[in-house]
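Reading through the structure tokens given below for one structure.
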Amino acid sequence: MLRDDRGRGLRAVTATLGLAVSAVFLTGCGDGDTDSSPAPTTTSPPNTASFSGLPPSALASQAASAIASAHASASAAASSASARASEFEASVEAEAARASAAAEKELKDVQGRGNAVSEVGMKGLPRSETSGLLAVLVTITNKTSDTASYAVQIDFEDSSGKFVETRFVGAEDLDPGEKEQPIAFSRQPADANLTPRLAKAQRY
């Protein structure tokens, strides 16, 4: 009897395990069903009631920083352009001073009016264009068939014909037919009534 009871107990346990395995198997099969259509999902629009219409403080700070940086770059660019303009003006003045010194040196030993008076013309510039200063546009034209340099002396006289000031301008290495137009500025007061005269012009 004891042996039979043990047999019945083992059979009961085996049957219980079989049912559990069958349940697991059926569940696995259900998971592998060929109908793989995803379950429908639903979305809802965001709740805009909490939107302020302004960017977060971090983004606002970043935008302000970018604007400040752009302003600084623009200011630096303007400063750089102004510096370049000043450098250019200084270089032009330096070149004019050098040309003036070279012309004065060349004319130092020239007798009379020189050999190139017919190749030089003069024209007064409106004082409105020269900040009130007396200025003369000197046109130097190489009328020869060879490359040449020129030295020109301009004398300024007052209304009585008295010599007041001398200025020198020049042009170097002009090709045949080429012209250059340096400007001779008077250093006298803007209200001085002066007349420019072509004193000397030498080709060399």
Side-chain angles (χ1 to χ4, degrees), residues 64 66-204:
I67 292 172
S69 177
H71 285 171
S73 297
S75 177
S79 232
S80 178
S82 177
R84 287 196 301 271
S86 296
E87 290 174 1
F88 177 75
E89 182 179 359
S91 68
V92 169
E93 291 178 354
E95 175 58 23
R98 186 201 66 77
S100 175
E104 182 177 4
K105 180 180 179 181
E106 190 64 33
L107 290 170
K108 184 177 181 180
D109 299 323
V110 172
Q111 300 299 319
R113 300 189 66 198
N115 60 10
V117 172
S118 63
E119 298 174 66
V120 177
M122 297 192 311
K123 177 183 178 181
L125 295 176
R127 290 179 184 263
S128 60
E129 298 178 4
T130 62
S131 300
L133 297 176
L134 175 59
V136 180
L137 179 67
V138 182
T139 301
I140 303 171
T141 305
N142 182 1
K143 298 180 180 180
T144 72
S145 57
D146 300 314
T147 299
S149 297
Y150 293 83
V152 178
Q153 176 181 327
I154 307 296
D155 287 345
F156 291 91
E157 301 175 353
D158 62 16
S159 56
S160 66
K162 180 182 177 181
F163 165 77
V164 176
E165 182 182 20
T166 293
R167 302 292 288 161
F168 298 92
V169 296
E172 298 178 344
D173 301 323
L174 294 185
D175 292 330
E178 185 180 5
K179 72 178 179 181
E180 194 165 313
Q181 293 180 304
I183 299 176
F185 285 94
S186 171
R187 297 177 180 174
Q188 299 302 307
D191 59 352
N193 185 17
L194 303 177
T195 301
R197 305 289 186 191
L198 176 59
K200 293 181 180 181
Q202 182 71 14
R203 181 179 61 254
Y204 61 96

Scan the side chains in residues 188-195 for donor-acceptor partners under 3.5 Å anywhere in the protein, sequence neighbours excluded, and list what turns up.
none

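Across every non-hydrogen atom of A103 and V169, the tightest pair is CB-O, 3.2 Å. Contact between L107 and Q202 at its shortest, heavy atoms only, is CD2-CB, 3.5 Å. Summarising the geometry of F185 relative to E165, their closest heavy-atom pair is O-OE2, 4.5 Å, with the distance given to 0.1 Å.
Judged by distance alone, the side chain of T144 and the main-chain N or O of D146 form a donor-acceptor pair under 3.5 Å.
Partners of D173 according to the side chain to side chain contact (heavy atoms under 4.5 Å, CB included) rule, which considers only residues two or more places apart in sequence or in another chain, are T147, S149.
With values rounded to the nearest 0.5 angstrom, L137 atom CG is found 4.5 Å from Q181 atom CD. One distance of note links CD of E180 with CD1 of I140; it measures 6.5 Å at 0.5 Å rounding. Distance check: Q153 CD to S100 OG gives 10.5 Å after rounding to the nearest 0.5 Å. To the nearest 0.5 angstrom, L134 atom CG is 5.0 Å from F156 atom CZ. A distance of 12.5 Å separates CD1 in I183 from CD1 in I154, rounded to the nearest 0.5 Å. Here the NZ atom belonging to K200 is positioned 10.5 Å from the CD atom belonging to E104, to the nearest 0.5 angstrom.
Pairs engaging residues 118-128 under the side-chain hydrogen bond (donor to acceptor under 3.5 Å, both in side chains) rule: E119-Y150, E119-R203 [sequence neighbours left out].
When side chains are defined from C-beta on, V152 counts as touching L198, because their heavy atoms get closer than 4.5 Å. Under the 4.5 Å side-chain criterion, counting only non-hydrogen atoms from C-beta, R187 is in contact with R167.
Counting only N and O atoms by type, the side chains of S160 and D158 include a donor and acceptor under 3.5 Å apart.
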